[in-house]
Amino acid sequence: MAQANPVRQQGGSCPAWQDVAGRFDDPRECLASFLALETAEVLAGEKTANLLGIANRRRPCGRNLYILWKEWCAEVLAESGLAVRELADRGDSILLLIYRSEALGELVRRPSASAILGRAGYRDVSDLDRVLGELAARTTGEAFPHEIGVFLGYPLKDVAAFMGLVRIPFACQGPWKIFGDPRESLRLAEIFRCCRAWMAERLVGCASALECLAAGRTLFLAPFSESEYQN
C-alpha cells in the first residue's frame, strides 16, 4: 500500500470542512466536499474505514448535512468505491461507518483482528455484513463498542490495550489512545493527517468535489513538485 504524499506543513491540526464548504453551492457538491475530506484516509487506501457523525442542524455555510445525506447519499457515493453502514440514526444526528468493503473484510478476517473481535463477542467474522450488523446493534446500547477501533484500522495493540485485553502501558494521546512504543502509531496518525491536508488542497482548487470523491486514491498518487516537499 502506497503511503500518502507529504504536504507542505507537517504536524498541526487537520483541515476543517468549513474552510472549503463555501466553494460549493450545489447541494450534491457540498455533501461530496464533506465526504471527500472526512474520508480522505479511506479514499487514499491508508485506512479501512472512518466513523462520521452528522448532526441534524444548519451549518455556518447554511446547509444541513443531515438533510443532504438523506437526499443525496446514494448518488454522491455511487462513483466513489466507498460503502456505508448507518450505525445509528437518532433523528437529531446520524452515525455512519464509511469504508472500502474488500479492505475491511480482509482486516476483520486477519487472525489478530478476529481474535480481538472474538474476545468482544463476535462469533463469525467471515460475513462482513453480519459483523457490521452486530456492530450497528451495539452502537445503540448503553456502552459504546470499543472494538470499533479494529474496524477503523487503528493499530491492534492500541485497540487491545484500550479494551483491557492486554497489559501495555499508556504512552500518549494522539487521535486515539496510544499504548506501548508510540512511534508506529504516531507515524500512522501523521499519514492520516497528511491525507486530510492533501484532500483539502484539492478541494480548494478543484472544479468539482464530486470528481475529487470519485477519483479516490488516484488523487494521492499524483507527484508533488520539489517545492511542495518543503515546510
> Nearest heavy-atom pair of L203 and A209: which atoms, and what distance?
Replying inline: CD2-CB, 4.0 Å
> Is a side-chain N or O of R23 found less than 3.5 angstrom from the main chain of V204, in a donor-acceptor match?
Replying inline: yes
>> E211 vs C206, test: side-chain contact (heavy atoms from CB on, under 4.5 Å). Steps then yes/no.
In response: CA-CA 8 Å; E211 291 180 3; C206 74; over 6 Å; no
>> Is any side-chain heavy atom of W176 closer than 4.5 Å to one of P155?
In response: yes
>> A side-chain contact here means heavy atoms from C-beta on lying under 4.5 Å apart; do W69 and L35 qualify?
In response: yes
> Going hydrophobic residue to hydrophobic residue with side-chain gaps under 4.5 angstrom, can you get from I168 over to V159?
Replying inline: no
>> Within the supplied structure, the quantity of interest is the number of heavy atoms (other residues, nucleotides, ligands) at a distance under 6.0 Å from R130 CZ; does it exceed 12?
In response: no
> With a 4.5 Å heavy-atom cut-off, do L104 and R100 have their side chains touching?
Replying inline: no
> If you round to the nearest 0.5 Å, how far is CG of L68 from CG of L31?
Replying inline: 6.0 Å
> Given the rule that I, L, V, M, F, W and Y join up when any side-chain heavy atoms are under 4.5 Å apart, are W72 and L213 in one cluster?
Replying inline: yes
> Under a single-linkage definition using a 4.5 Å side-chain heavy-atom cutoff for Ile, Leu, Val, Met, Phe, Trp and Tyr, are F34 and I94 assigned to the same hydrophobic cluster?
Replying inline: yes
> Taking side chain as C-beta onward, heavy atoms only, is F220 less than 4.5 Å from C194?
Replying inline: no
> For I54, does its backbone N or O pair with a side-chain atom of S93 as donor and acceptor, under 3.5 Å?
Replying inline: no
> Passes side-chain contact (heavy atoms from CB on, under 4.5 Å), L117 versus E147? Steps please.
Replying inline: CA-CA 7 Å; L117 293 177; E147 70 275 7; 4.1 Å; yes
>> For T48 versus A103, what's the shortest heavy-atom pair and its separation?
In response: CG2-O, 3.9 Å
> Are M199 and W17 connected, step by step, through hydrophobic side chains (Ile, Leu, Val, Met, Phe, Trp, Tyr) whose heavy atoms are closer than 4.5 Å?
Replying inline: yes
>> One thing to verify: whether D92 and R90 come together as a salt bridge, which I'm taking to mean a side-chain N less than 4.0 angstrom from a carboxylate O.
In response: no
> For the residue pair L135 and P145, what are the closest heavy atoms and their distance?
Replying inline: CD1-CG, 3.9 Å
>> How close do T140 and A88 get, counting heavy atoms only, and between which atoms?
In response: CG2-CB, 4.4 Å
>> Do V84 and L97 have side chains that approach each other closer than 4.5 Å (heavy atoms only, starting at C-beta)?
In response: no
> Does any non-hydrogen side-chain atom of N64 lie less than 4.5 Å from one of R59?
Replying inline: no
>> Salt bridge check, K70 against D89: does any charged N sit closer than 4.0 Å to a carboxylate O?
In response: yes
> Can you name the closest pair of heavy atoms from E29 and L210 and give their distance?
Replying inline: OE1-N, 3.2 Å
>> Nearest 0.5 angstrom please: L77 CG to I98 CD1, how far?
In response: 5.5 Å
> Distance-only, no hydrogens or angles: does the S185 side chain make a donor-acceptor pair with backbone N or O of I178 under 3.5 Å?
Replying inline: no
> Does Y122 have R138 sitting over its ring (NZ/CZ under 6.0 Å from centre, angle to axis within 45°)?
Replying inline: yes
> Can you tell me how far CZ of R28 sits from CD of E75, rounded to the nearest 0.5 angstrom?
Replying inline: 5.0 Å
> Which heavy atom in V131 sits nearest to a heavy atom in D124, and how many Å separate them?
Replying inline: CG2-O, 3.3 Å
> Roughly how far, to the nearest 0.5 Å, is SG of C30 from CG of D26?
Replying inline: 9.0 Å
>> Grouping I, L, V, M, F, W and Y whenever their side-chain heavy atoms are under 4.5 Å apart, do V125 and L165 come out in a common cluster?
In response: yes
> Looking at CG of N50 and CG of L82, how far apart are the two atoms once the value is rounded to the nearest 0.5 Å?
Replying inline: 9.5 Å
> Below 4.5 Å, heavy atoms only, C-beta onward: do Y99 and T39 meet side chain to side chain?
Replying inline: no
> Just one of R196, K47, R193 clears the salt bridge (charged side-chain N to carboxylate O under 4.0 Å, His left out) bar with E41, so which one?
Replying inline: R196
>> Any non-hydrogen side-chain atom of L186 less than 4.5 Å from a side-chain atom of C172?
In response: yes
> More than 12 foreign heavy atoms under 6.0 Å from CD of E71: is that the case here?
Replying inline: yes
>> Would D158 and K177 count as a side-chain contact (heavy atoms from CB on, under 4.5 Å) here? Give the steps.
In response: CA-CA 7 Å; D158 296 335; K177 289 186 180 295; over 6 Å; no
> Do F144 and L95 pass the side-chain contact (heavy atoms from CB on, under 4.5 Å) test, and can you show the C-alpha distance, the side-chain angles, and the key distance before you say yes or no?
Replying inline: CA-CA 12 Å; F144 194 79; L95 185 64; 4.0 Å; yes
>> I'd like to know if the side chain of N56 and the backbone of Y66 have a donor-acceptor N/O pair within less than 3.5 Å.
In response: no
>> Distance check, rounded to the nearest 0.5 Å: E46 atom CD versus F192 atom CZ?
In response: 7.5 Å
